[in-house]
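Inspection log for the structure reproduced underneath, given as structure tokens.
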Amino acid sequence: MAATLEEHQKDLEEVKKLLEKVTRKRVRDVLTAEKGKLESEIKNKMQQKEQGKRETADSEKPAAVVAPISVGYTVKINNYGWDQSDKFVKIYVTLTGVQQVPVEDVQVHFTERSFELLVKNLNGKNYSMTVSNLLKPISVEGSSRKVKTDTILVLCRKKVDHKWEYLTQVEKESKEKEKPSFDNDTDPSEGLMNVLKKIYEDGDDEMKRTINKAWVESREKQAKGDTDF
């Protein structure tokens with residue numbers, strides 16, 4: 001039986017709570033991937049639900065005035081790369097065929113500490129990505145975006161021409177938590193096992209392979225006394 005919208009929402013809340021506590025990069029990567037998947041599924045189900053309401057309302061009208069409804073859904077972008085120069089932080093988003101979309105349909109909304117990318121109607125789908133809590137303030141007026149073949153380049157203009165060690169404050173805090181701890185009485189991964197087990201049981205084959213690989217590599221490193229992930 002397919003999971004309901006409410007079940008997906010509850011799963012997403014659990015994963016979000018877990019991400020606030022997790023300190024190991026491999027576990028965070030697995031949970032981040034699952035979070036993106038759940039968010040997409042929730043978005044799709046909500047749009048399907050709204051679509052059903054509209055179709056029900058339209059079915060009560062005379063057949064002559066009912067028009068076909070074509071509604072795309074939004075895909076959450078989770079993968080990107082970033083680099084920097086003295087003046088700009090550059091975010092690279094790979095999106096096949098994006099150069100075919102009208103330039104006005106590739107939109108980026110900037111704030112001083114975030115940006116939101118929206119690509120409209122690319123092969124019948126919308127694509128979005130939000131990056132919040134940027135490490136340092138940016139200039140909204142000086143920031144922009146460029147569309148290239150299969151790639152979107154988001155240019156965040158630095159307010160101060162300093163090097164960024166991380167893209168976001170969350171990444172910085174996560175990396176700092178990964179530093180070796182001298183508290184031998186606490187194992188930060190111990191409290192995650194039940195949630196990881198649930199994600200594993202409910203996940204598809206690709207998710208299971210990802211979790212298995214991360215677990216095996218983690219055990220191998222621990223066996224060698226190597227805790228640097």
If I compare all heavy atoms of [X] with all of [Y], which pair ends up nearest, and what's the gap?
X	Y	answer
Thr96	Leu122	O-CD2, 3.7 Å
Asn121	Val101	O-CG2, 4.4 Å
Phe115	Cys156	CD2-SG, 3.9 Å
Pro137	Trp164	O-CZ2, 4.2 Å
Tyr127	Leu95	CD2-CD1, 3.7 Å
Leu167	Trp82	N-CZ2, 3.4 Å

Practice item. Tell me, with the steps shown, if Glu171 and Lys175 meet salt bridge (Lys or Arg N to Asp or Glu O under 4.0 Å). Key: CA-CA 6 Å; Glu171 289 180 13; Lys175 291 292 184 181; over 6 Å; no

Taking the side chain as every heavy atom from C-beta outward, state whether [X] and [Y] have any pair of such atoms under 4.5 Å apart.
X	Y	answer
Lys172	Gln169	yes
Glu39	Lys16	yes
Lys90	Gln84	no

Working to the nearest 0.5 Å, report the span between [atom1] of [X] and [atom2] of [Y].
X	Y	atom1	atom2	answer
Thr74	Gln47	OG1	CD	5.0 Å
Asn79	Thr94	CG	OG1	9.0 Å
Lys76	Ser128	NZ	OG	4.0 Å
Leu31	Lys17	CG	NZ	14.5 Å
Ile152	Ile77	CD1	CD1	6.0 Å
Glu41	Asp11	CD	CG	9.0 Å

**Study point:** Test log, rule side-chain contact (heavy atoms from CB on, under 4.5 Å), inputs Val98 and Thr151
**Key:** CA-CA 7 Å; Val98 69; Thr151 302; 5.8 Å; no

Check your understanding: Got a sec, which pairs hit side-chain hydrogen bond (donor to acceptor under 3.5 Å, both in side chains) with one end in residues 136-150, sequence neighbours left out?
Key -> none

Are [X] and [Y] joined in one hydrophobic group, where the rule is that I, L, V, M, F, W and Y side chains link up if heavy atoms are under 4.5 Å apart?
X	Y	result
Val154	Val147	yes
Val108	Leu118	no
Tyr92	Phe110	no
Leu155	Met129	no
Val93	Ile138	yes

**Study point:** Residue of the set Leu135, Asn133, Val131, Leu134 for which side chain to side chain contact (heavy atoms under 4.5 Å, CB included) holds with Val170
**Key:** Asn133

Practice item. Assess whether atom CG of Asp86 is packed by more than 12 heavy atoms of other residues, nucleotides or ligands within 6.0 Å. Key: no

Exercise for review: Mark yes or no for whether Lys158, through its side chain, and Ser85, through its backbone, hold a donor-acceptor pair below 3.5 Å.
Suggested key: yes

Revision key, fill the gap. Hits for salt bridge (charged side-chain N to carboxylate O under 4.0 Å, His left out) against Asp161, two or more places apart or cross-chain, chain-then-number order -> Lys87, Arg157

Point to revise | salt bridge (charged side-chain N to carboxylate O under 4.0 Å, His left out) partners of residues 91-114, not counting sequence neighbours, each pair once | key: Glu112-Lys159

